[in-house]
2 protein chains.
Amino acid sequence: MPKPEVDPTVQLELSVDRSSPVPLYFQLSQQLEAAIEHGTLTPGSLLGNEIELAARLGLSRPTVRQAIQSLVDKGLLVRRRGVGTQVVHSQVKRPLELSSLYDDLEAAGQRPATKVLVNTLVPASAEVAAALNVAEDSDVHRVERLRLAHGEPMAYLCNFLPPGLIDLDTGQLETTGLYRLMRAAGITLHSARQSIGARAATTEEAERLAEEAGAPLLTMQRVTFDDTGRAVEYGTHTYRPTRYSFEFQLLVRS
Amino acid sequence: MPKPEVDPTVQLELSVDRSSPVPLYFQLSQQLEAAIEHGTLTPGSLLGNEIELAARLGLSRPTVRQAIQSLVDKGLLVRRRGVGTQVVHSQVKRPLELSSLYDDLEAAGQRPATKVLVNTLVPASAEVAAALNVAEDSDVHRVERLRLAHGEPMAYLCNFLPPGLIDLDTGQLETTGLYRLMRAAGITLHSARQSIGARAATTEEAERLAEEAGAPLLTMQRVTFDDTGRAVEYGTHTYRPTRYSFEFQLLVRS
DNA sequence: GTAGTCAGATTGTCCGGACATTCCGATTGA
DNA sequence: TCAATCGGAATGTCCGGACAATCTGACTAC
């Protein structure tokens, strides 16, 4: 009589380098994540108890727990008291993160192209001033870009930035994303407020995106903050829904 | 000469109850969160160093760190090595979480109403079978609902669920949300894959939502998994973009 | 045979300490 | 006056241990 299928405890080849400056818990979590990604740790398999795992690696239990916890936070592992820690079954991709459209497209293998339409200083409108928390009519950067994939327009991006944060070089804007430029300028992105909606295209919008007037457009507005709480970017984007949609994975925060 | 404005270290009245079954770190993090919410801890203010905070509360440093870490993960606090821990400036609302439209509307103070259009068992189509990971043509629940706010239709929700998980009572479906029913049935929601897009309304869709054919609609597809990796729900939703948009806050994963 | 009970296993919480790393301001030197 | 150096202060990492809470499976009693 066949035994019921039980997820086995997997024996992994794990090791840490104590002379490395990389934290031990991080080395361990990276190895575990790689094993999950690679399929060595199959979904549903038990990870083995923390005490024994710590002993095998010559680490303390808190260190092992810290490594496991980081993967639990990523949604790759599930802990059950009295049972153990196992790999989740579902195919977890990347959870929704604060990424730029440019990075998204590049990761999807579509060589993105950017055409800078406008790159200038303008006085802040009431809407922009409120979003960026600056005085109305004070100077702000205004950048309008058209993002293309495979030569087809995909999105129209209009962004406002407070002055003095970053120098916006048109050439750089055409070869990389705005977020990458901000990170390179030493800005630590912290959070963003987003709003995703839809509306019919105006004649202007339709022309920019090679659609027809009245065609449905996907819209996104976003204000991004750095870790000091400053608003560092306000953007109004419109996407062609036939070419782009927002795909992401959510984790339940427990 | 006026001193430069420096964010002060705030003295808070904190206490923990060691006889409570609530974990100490959780008691502390809740009090800190309440103080931030209430404005007692103002944005930018320093939290005071962990060692002294632990001594004042009669706790160990790891326990205090665990409390602080949970708030850092929520985006409410920022730690800086060599400096201290301070409250984030930006108005952090709730980060995007796996919530139901029903809960969203209720939280916004709009008494949501639900009209169940269909509640039956149907054979799974190829699309549904793939999403729920069940055999094609096997029985699955099909639920179609119209969600209204202030008497106006706001969204059309079509959901599929594998059989045996939960008994779908039409009466209950009209008075609460699907997620709440699933949680009440002992299902631990873990993650969901979502896709948000837009398209023009068909004649059918337009009629359901009191729009005109060709009007832009906001669409959302979602597969939800429980912590064992089973798909527990697949949904295809259409929203009236003039009445609803997705608002949320993102945190940068560090 | 069925239901309740008990024991083992595993994670959850908490402690007290140690040293490393990083940031910032103050002191020192040119 | 300005720049480099130094030291204090705070968080980051890591250890070893202890007990509690919970789940599973096996045993026992009816």
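We name chains A, B, ... by the order of the sequence lines, and we start the count at 1 in each one.
In this structure, B/Pro23 reaches the sugar-phosphate backbone alone: every heavy-atom distance under 4.0 Å involves primed, P, OP1 or OP2 atoms, never a base. Within 4.0 Å of B/Arg80, counting heavy atoms only, lie sugar-phosphate atoms of the nucleic acid but no base atom.
Look at A/Ser60 and you won't find any side-chain N or O under 4.0 angstrom from OP1 or OP2 of D/dG17. Taking 4.0 angstrom as the limit, A/Arg79 places none of its side-chain polar atoms (N or O) nearer than this to OP1 or OP2 of C/dT10. Contact annotation: A/Tyr25 side-chain N/O to D/dC14 OP1/OP2 distance is not under 4.0 Å. Dashed line: the shortest gap from a side-chain N or O of B/Thr85 to OP1 or OP2 of D/dA10 is not under 4.0 Å.
Rounded to an integer number of Å, the gap from CG of B/Leu57 to P of C/dC14 is 13 Å. Between the CG atom of A/Asp17 and the C1' atom of D/dC14 there is a distance of 16 Å, rounded to whole Å. Distance A/Asn49 CG to D/dT24 C1': 15 Å, rounded to the nearest Å. Here the P atom of nucleotide C/dT11 and the CD atom of A/Glu52 are 10 Å apart, to the nearest Å. The CD atom of B/Gln66 sits 16 Å away from the C1' atom of D/dT13 (whole-angstrom rounding).
Partner A/Leu178 forms a side chain to side chain contact (heavy atoms under 4.5 Å, CB included) with one of A/Thr224, A/Leu168, A/Leu157 and no other, that one being A/Leu168.
Distance from the side chain of B/Arg65 is smallest for D/dG12 among the nucleotides D/dT24, D/dG12, C/dG12. For A/Arg81, whose side chain is taken as the heavy atoms from C-beta onward, the closest listed nucleotide among D/dC15, C/dT10, C/dT22 is C/dT10. Side-chain atoms of A/Thr63 lie closest to D/dC15 of the nucleotides C/dC15, D/dC15, C/dT11.
Salt-bridge annotation for B/Glu50 and B/Arg79: present, with a side-chain N of the basic residue lying under 4.0 Å from a carboxylate O of the acidic one.
Crowding of B/Asn119 atom CG: a count of heavy atoms from other residues, nucleotides or ligands under 6.0 Å exceeding 12.
A residue-by-residue look at B/Phe26 and A/Val83 shows that A/Val83 has its nearest nucleotide of DNA chain C further toward the 5' end. Nearest-nucleotide mapping onto DNA chain D: of A/Leu24 and B/Gly82, the residue sitting toward the 5' end is B/Gly82. In terms of position on DNA chain D, the residue among B/Glu50 and A/Leu59 whose nearest nucleotide sits closer to the 5' end is B/Glu50. DNA chain C is contacted by both A/Pro21 and B/Pro62; B/Pro62 maps to the nucleotide lying nearer its 5′ end (nearest heavy atom per residue).
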Worksheet item: Between B/Asn159 and B/Arg145, is a side chain to side chain donor-acceptor pair (under 3.5 Å) present by the stated rule, with each step listed?
Response: CA-CA 8 Å; B/Asn159 290 90; B/Arg145 293 169 293 167; 2.9 Å; yes
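Looking at A/Gln221 and A/Tyr234, their side chains do bring a donor and an acceptor atom within 3.5 Å of each other.
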